[in-house]
Structures are given as C-alpha cells and as structure tokens.
There are 2 protein chains.
Amino acid sequence: MVTETRPYHHGDLRAALVEAGLRLAREGGASALGLRGVTRSVGVTPNAAYRHFADRRALVLAVAAKAQDQVAHAMLERMNAIPRDADPAERALHRLRAVGLGYIHFALSEPGWFEVAFLTQDVAPENAPPGTLDGRVSPPYQLLLDALDEMVEAGALSLERRAGAEWVCWSAVHGFADLATRGPLQRQDRAFIDRLAEHVVDTIIHGLEA
Amino acid sequence: MVTETRPYHHGDLRAALVEAGLRLAREGGASALGLRGVTRSVGVTPNAAYRHFADRRALVLAVAAKAQDQVAHAMLERMNAIPRDADPAERALHRLRAVGLGYIHFALSEPGWFEVAFLTQDVAPENAPPGTLDGRVSPPYQLLLDALDEMVEAGALSLERRAGAEWVCWSAVHGFADLATRGPLQRQDRAFIDRLAEHVVDTIIHGLEA
DNA sequence: GGTAGATGTGTACGGTGTATACTTCACCCC
DNA sequence: GGGGTGAAGTATACACCGTACACATCTACC
C-alpha cells in the first residue's frame, strides 16, 4: 500500500504506461504506441518501461487487453439495451445483432483503439487456444459465444448450426470493420457505412438460420 | 529501348525494386518492406529509391498492387476449374465459392503477400471509390463483382439480394483470412482451418439467398 | 541502521526513413 | 562528334526508433 502523494519513484508506473498508451492509441492507433513516446508522455526515461514490460510488444499487448475491454463494454451496453421482457427468440436475435453491430460501431467510432485491440498481429504462443490474447479469453469473443448460446437456448438456432457459428460471425464483423476503417471502405459516407453494417450483420445471421 | 547487357545505371530500377519487394514480402510480410532492405537487396543505395517512389509508402503500394494481382491469379485458377458445361446456376454458385475460397486459401498459403496486398493500411485519397488501390480497381474485387453478377444472370441471386452483396462476401472472407493468419485462429490445425473456411463461405452464400 | 533488491537514469549502438548536396552517365543537338 | 542538360544513383547527415548495459537512487526488511 503506497501513499497517495508521490508514492514511490513514480507510483505505479506500469499502470501509468498502459493508461498513457491507451490515450496515445486513441488518436494515432498502434503506431502511436512507441516505447519512447509512451514513456515520454509519462515523463520517464524510455528504459524505465523495461522494468515492467519485456519489450515494446508486451506493452502494446497490455494496451490491447485494455482496448478489448472497451470493446466488450460498448457491446454490453448495446446488448443490455434490448428489453428483457421480449420474446426469448426475438431477444436472443437482437442481442446477437447487438454483439455484431457493437463491434463494428466501436471500430468506426474508436478506430485507434480498435486497431490495437484486434488489428495488430501478436504472434500467439504455440498452443494458445483460439480467441485468446495474452493468455486470457478475449472479452468480446466471450460475449459472442454467450449470445450464440442464448440463441440456441431460445430455440432460434439449432445445435447443428451453432457449430462454428462464432467464426462466421467474427469473420464477418471483423472483416467489415477492417474494410471500413483501414481498407477500401474507409472515408465512405458514414450513413452508407452504417446501413451496410446492418446489412452485413443481418445477412450472416440469416445465413446461420436453417 | 535499352540494351540487355548493363542497360543504364541499373536498367529498370523501379521494376527491380518492386520485384525485390515482392520477394522480401513473401517471407516477412509488410514489415520486411523496409526502404533500406529493399534497396540493399537490389544492391543500390537507399536514396536511389526516391528517384522512383515518393517515399516508402509508395513503394509498398506498388508491391501491394503486384500482390493483389497474385491473389486474383490464384482466384481465377480456382474459378476456371469449374466445368463450363454445368448448370448455369450451379456453375455460378461454384464460381462464387471459388472466389471466396481462393481469397482465403491465398492468405493461408502466402500470408506475407496477402498482408501487403490487403492488410496494410494505405490511407486512401479523399474521394477514392470503394474497392480501389492506388487509383485502380483491385483485381480480386473485380472478380468478386463478376461472380456475383453471374449469380444474378444465372438466376441464382435476386437483384434485390445482389445489392451490397460484395461487401458481405468481402467482409466475411477478409475477416476470416485475418483471423486465420494474424488473429486468434493463427497456428490452428490447417485441416480445421480449411473446414472452417468452407463453412464460412457456404454460410454467407446461404445468407445471401432468399 | 545497514544492506539488498527493486526501480528509474545515462549512455551508447545499430537500425530506420528521408532531406540535401554531389557525382556520374545517357542522350540530344549543333 | 563534343558539349550541355537533365535524369539516375551516391554520400553524408539528421532525427527518430527499440533496446542493451552500467550506474544511481530509493524502499523495505532484517
């Protein structure tokens, strides 16, 4: 337990670096996460970071985890906006839509964070299970799994069609997010993009159904 | 017209740089396309590149265009493997499948080229039409458009469902390719990935149908 | 209260992209 | 066919990057 005023050499430098990284990545994306830039913005020497992170990649990974939390938070907000007293099948469907549209909407409104969360290659360790980052299940991925399971429970999706559905969904929304933020759809009219996003989500959900 | 033996200072340095870039990117991906590395591998001074490219980004863009040609070539090979005398609707469907699976298969078998072709952000100019790179329509994108139009002509896809279909398809296969090469599906068993790829493609095509 | 270990600093090295000035060479025209 | 001209490639330099290594500093514990 450290005191609040001038806690130690810097207090909790690790957390400060991650927070600064988050701030820098918001504008500027992953390329703004330079080791020197982040330490500079905290007012500390570049090498100080090496007491808390093995290298730049580890720092970026820590920021990415936080950014993924933000994605999950945005998705949850949309999911919880679905009225709880609706028809279960209808409700499950809308919650699945919220997962996909939440993912895409986050990418469009916070492209910097989205890039570090899901668009930076991180050469996963040899036997990492799919859907994990840095040893923990990606929260947005978990929300997707839950939403699909809800679909099954509500009878809106057969168990047979459930198999592999997470990768169909993730592929589609992830691909769209990439095309829309960095790819051939960047700089298109926002209203057009929003309509297209709904179309993509609805089409793949329709594809899942029997 | 330059002579073949020792043509000029270097002959056609621009083409040599692009070719070297292609070679380096094949292993190593986009990050292997350093301006110094490329010029070094041609045996020329770093700054020589500036006579032919405005900056590193322009060089990468030129390599990306070539890489996109390779993608289109791989897709065409698969498309042309579909027998020409089949039922038109069936044939159109299989050609559309070939577009998607060709895209994904290329990403898996040539991840380096795929990365520079479609995974490097290139901040498109202000009013670029969607689906273009460096002022030209991306050949793989054109193949996708053609395949979808064939579907309509063959009566396998209604005009209404045709609208926006290219973005549904591209999103899904692009997202899957990214997840499988750099994302949470990297290092998974190849047979598993191949099955999943077919599942993704079939599901979204099914989603397009009425 | 002294010491050991954790935390941050200073300095340095090799790498990068690129700006500027210089040299070399091919071509063209008189 | 000799000289000028502009294009192609070189040399040098700068700022920046990630990071290795030696050092200083401060905390916490015996």
task: Taking only Lys NZ, Arg NE, NH1 and NH2, and the carboxylate oxygens of Asp or Glu, determine whether Glu110(A) and Arg26(A) approach each other closer than 4.0 Å.
output: yes
query: Is Arg195(B) salt-bridged to Asp189(B), cutoff N-O under 4.0 Å?
result: no
Choose from [options] the nucleotide whose nearest atom is closest to any side-chain atom of [X].
X: Arg51(B); options: dC22(C), dG8(C), dA11(D); result: dC22(C)
X: Leu35(B); options: dG17(C), dT9(C), dC17(D); result: dG17(C)
X: Asn47(B); options: dT10(D), dT16(C), dG8(C); result: dT10(D)

DNA chain C-proximal residues of residues 52-62 of chain B, any heavy atom under 4.0 Å: Asp55(B), Arg56(B)
Please report, rounded to the nearest Å, how far the [atom2] atom of [N] is from the [atom1] atom of [X].
X: Leu33(A); N: dC17(D); atom1: CG; atom2: P; value: 13 Å
X: Leu17(A); N: dT7(C); atom1: CG; atom2: C1'; value: 12 Å
X: Tyr50(B); N: dA11(D); atom1: OH; atom2: C1'; value: 15 Å

Which word best sums up how the rings of [X] and [Y] line up, parallel for under 30°, tilted for 30 to 60°, or perpendicular for over 60°?
X: Phe106(B); Y: Trp113(B); answer: parallel
X: Phe114(A); Y: His174(A); answer: tilted
X: Tyr103(A); Y: Phe118(A); answer: tilted

- request: Would you check if the side chain of Arg97(A) reaches a backbone N or O of Glu198(A) as a donor-acceptor pair within less than 3.5 Å?
  value: no
- request: Kindly write out the residues that satisfy ring-ring contact (aromatic ring centres under 6.0 Å, His included) with Phe53(B), not counting sequence neighbours, or none if the list is empty.
  value: none
task: With axes from five pairs an end, tell me the bend angle of the helix from dG1(C)-dC30(D) to dC30(C)-dG1(D), nearest 10°.
output: 10°
- prompt: Can you find a donor-acceptor N/O pair under 3.5 angstrom joining the side chain of Arg36(B) to the base of dT18(C)?
  reply: yes
message: Using a heavy-atom cut-off of 4.0 Å across all strands, would you classify Arg40(A) as base, sugar-phosphate, or nothing?
response: sugar-phosphate
- prompt: If every non-hydrogen atom of Pro130(A) is compared with every non-hydrogen atom of Trp167(A), which pair is closest and at what distance?
  reply: CB-CZ2, 3.6 Å
- prompt: Going by heavy atoms in the side chains, are Thr181(A) and Leu108(A) under 4.5 Å from each other?
  reply: yes
